Amino acid sequence: MSDVLLGSEQKPAILVIFGITGNLAKLKLLPALYHLVKDNRLHPQTIILGASRRPVSVDELLKTVEVCVLEEDNVCDPEALKDLQRRLRMYQIDPEQEADYDGLLAYLNSLEDETGMCMDRLYYLSVPPAVYPAVVHHLGVHGLNASCQHGNATTRLLVEKPFGHDVASAETLIAEMAEQFEEDQVFRIDHYLAKESAQNILTFRRHNPVFMDSWNGRHISQIKVLAHEQIGIAGRVNFYDQVGALRDLVQSHLLQLLTLVMLDLAKDDDDIALHQAKAIVLDSLSPVDVGSIVRGQYNGYTSEVDNPDSRTETYVRLNLTSDLLRWQGTDILIETGKSLDTKKTEIQIVFHEADETGNRLTFRIQPNEGIDLQLTAKKPGFGKTLQKVSMDFSYHGVFEDPKHPDAYERVLVDALNGDHSLFATSDEVMASWRVLQPILDYWQANDNLLTYEPGSRGPANSAE
Ligand code: BG6
């Protein structure tokens with residue numbers, strides 16, 4: 001199977017990035033765009049329009065791209081930077097000021113006049129979630145949700161997580177977006193789904209029939225989704241203190257990863273069937289016992305966020321159960337935390353053990369992407385001692401070029417191509433909030449926050 005040159009599927013587009021001077025744009029989006037330009041994965045006429053409150057020049061932006069790329073890759077290709085410069089335009093706008101949007105529309109129209117082409121329009125909301133409703137409303141009311149002036153092209157809205165902070169707010173946000181944009185215009189980003197190793201989960205399940213008959217609760221005793229981070233909140237004080245680990249990672253990334261393991265595979269790669277299958281899994285989940293969920297905060301967090309009263313969790317460990325027949329007998333465990341001793345995101349599939357024997361299949365999402373199958377073997381010698389051994393497939397050992405596009409490159413290319421498969425639907429978002437709402441309610445009434453040392457395995461006796 002060959003790698004498709006993705007740029008060839010694209011139509012020319014104007015990618016408007018609201019919040020171009022923010023952290024996400026600096027650390028992820030602009031470097032991703034640099035790599036796409038360098039690898040020839042953007043349509044030659046595609047324009048990137050940086051929208052920002054304060055005046056910033058294209059040169060200033062390019063400087064930050066260069067610094068970030070040099071940090072990661074050690075080299076920064078001047079030709080690619082030049083091409084990025086050719087495509088970049090800046091537009092000063094206060095995203096919350098409705099009066100500014102007619103000007104933006106006129107500017108987009110003028111860009112199309114300049115190129116003489118009908119271009120797709122993509123609005124990337126890389127702004128605080130509190131600003132989403134205003135931007136979406138203003139885009140819609142001022143006609144920026146429509147197609148280009150010269151003919152037929154598509155307009156899309158890309159939004160970052162979190163989509164709301166509980167069931168009620170997510171419902172409101174989804175309804176507000178639905179007033180101005182059709183569901184198929186909205187791309188709800190979950191960059192974990194765009195990680196190469198996460199995409200491999202469905203491929204692995206589909207193309208390794210040896211596991212198919214045992215992919216159920218009769219054979220699998222536990223599914224563990226672990227996301228341990230060594231970093232703390234990395235300066236995102238306001239954002240994180242309002243969000244916490246459950247909303248930041250579990251509601252989106254980790255429940256999404258779980259669906260990839262648990263969903264019923266459709267006969268083909270049909271996008272709609274995939275999203276329906278994911279929503280079915282999410283609808284089937286509930287916490288086993290909200291009172292026993294471990295919730296922790298690393299020592300030093302309150303001074304870091306300058307809020308001595310903060311009860312925001314930086315660690316959570318919870319068990320879920322599914323009421324789907326297929327998953328009767330399987331326990332689901334999710335654990336994530338910041339400032340832990342290791343960085344690892346992985347999914348472990350633990351098969352029921354008989355005597356000392358047992359198997360465990362691990363999808364390593366990051367770092368050292370790969371898949372490990374733990375087997376039971378006889379230890380060499382006269383005895384019958386058993387030993388757990390490992391069959392380990394690592395991307396680096398196997399693929400000639402294990403370097404693969406960053407998740408944000410994939411997110412941007414798929415959105416430009418109009419491919420919804422790696423984005424979350426409103427049904428999935430609502431279903432995952434419903435899984436977590438009883439936990440949020442319980443925490444509201446019960447302050448069960450534990451503490452842990454930074455660099456440790458989390459609150460005592462809890463970590464995997
Ligand atoms: C983001 C979260 O979505 O994902 C961060 O907001 C987290 O808190 C980050 O650190 C982790 O992403 P990655 O790709 O570095 O694992």
Side-chain angles (χ1 to χ4, degrees), residues 19 22-32 35 68 71-72 124-130 132 158-165 170 187-201 225-258 260 295-298 301 304-305 310 312-316 334-347 363-370 395 403-412 422-424 428-429 432-433 436 454-455 458:
N23 246 356
L24 179 74
K26 181 175 137 196
L27 299 177
K28 298 285 187 189
L29 301 180
L30 287 164
H35 285 114
C68 285
E71 223 164 77
E72 279 293 308
Y124 196 124
L125 306 197
S126 177
V127 289
Y132 291 174
L158 276 80
V159 269
E160 275 290 337
K161 56 161 261 291
F163 315 104
H165 54 270
F187 287 70
R188 297 179 192 84
I189 299 162
D190 190 312
H191 79 279
Y192 266 51
L193 293 177
K195 287 181 189 283
E196 189 64 44
S197 46
Q199 289 172 53
N200 204 19
I201 296 173
V225 182
L226 311 177
H228 298 177
E229 294 189 279
Q230 274 180 315
I231 55 163
I233 59 168
R236 295 153 81 215
V237 171
N238 289 337
F239 166 79
Y240 199 86
D241 207 32
Q242 289 168 28
V243 175
L246 190 76
R247 293 180 169 102
D248 185 32
L249 254 87
V250 179
Q251 185 272 329
S252 48
H253 306 328
L254 305 188
L255 284 178
Q256 281 287 342
L257 288 182
L258 182 66
L260 299 179
R295 180 166 184 258
Q297 185 188 76
Y298 62 81
Y301 173 83
E304 198 175 337
V305 297
S310 173
T312 301
E313 81 286 353
T314 57
Y315 171 97
V316 65
I334 298 184
E335 183 191 55
T336 183
K338 291 205 178 278
S339 277
L340 296 181
D341 59 342
T342 46
K343 174 175 171 66
K344 77 169 175 198
T345 307
E346 64 183 34
I347 302 170
F363 294 98
R364 285 193 307 269
I365 306 296
Q366 61 187 22
N368 184 21
E369 292 96 328
Y395 279 49
K403 203 176 163 311
H404 42 69
D406 176 73
Y408 273 94
E409 293 173 44
R410 182 80 205 204
V411 162
L412 289 166
L422 302 182
F423 296 84
E428 290 162 38
V429 170
S432 50
W433 279 118
L436 303 185

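Numbering of ligands and ligand atoms starts at 1, following listing order. Everything quoted here is computed from the prediction, not taken from an experiment. Values below: all heavy atoms of this structure, side chains included; hydrogens, waters and symmetry mates excluded. One-based numbering along the sequence shown.
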| remark: Interatomic distance, CZ@R364 vs CG@N200, rounded to 0.5 Å, equals 12.0 Å
| query | What residue and atom, counting heavy atoms only, is the protein's closest point to atom 5 (C) of ligand 1, and at what distance? | reply | R236 NH1, 3.3 Å
| Among protein heavy atoms, which sits nearest to atom 9 (C) of ligand 1, and what does the distance come to when rounded to 0.1 Å? | E229 OE2, 4.1 Å
| task | State, to 0.1 Å, how close I365 and S197 come at their nearest heavy-atom pair, and which atoms those are. | result | O-OG, 2.6 Å
| task | Just jot down the ligand 1 atoms closer than 4.0 angstrom to any heavy atom of K338, in number order. | result | 5 (C), 7 (C), 8 (O), 10 (O)
| said: Side chains of Y298 and E304: any donor to acceptor distance under 3.5 Å? | reply: yes
| Stepwise side chain to side chain contact (heavy atoms under 4.5 Å, CB included) check, V411 with L422 | CA-CA 8 Å; V411 162; L422 302 182; over 6 Å; no
| Among I189, D248, V243, closest by any non-hydrogen atom to atom 8 (O) of ligand 1 | D248
| note | A student checking ligand 1 against Q366 at a 4.0 Å heavy-atom cut-off should list atoms 13 (P), 16 (O)
| Between E335 and H228, do the side chains contain an N or O donor and an N or O acceptor separated by less than 3.5 Å? | yes
| remark: The protein heavy atom nearest to atom 15 (O) of ligand 1 is K343 NZ, 4.1 Å
| field | Heavy-atom closest contact (T312 atom, D241 atom, distance) | value | OG1-O, 2.7 Å
| query | Y192 near ligand 1, heavy-atom distance under 4.0 Å? | reply | yes
| So which heavy atom in the protein is nearest atom 14 (O) of ligand 1, and how far is it from that ligand atom? | K195 NZ, 2.6 Å
| Can you tell me the protein heavy atom closest to atom 12 (O) of ligand 1 and the distance? | H191 NE2, 3.2 Å
| What is the ring orientation for Y408 with H191, classed by angle as parallel under 30°, tilted 30 to 60°, or perpendicular over 60°? | parallel
| message | Only heavy atoms of K161, strictly under 4.0 Å: list the atoms of ligand 1 that pass. | response | 1 (C), 2 (C), 3 (O), 6 (O)
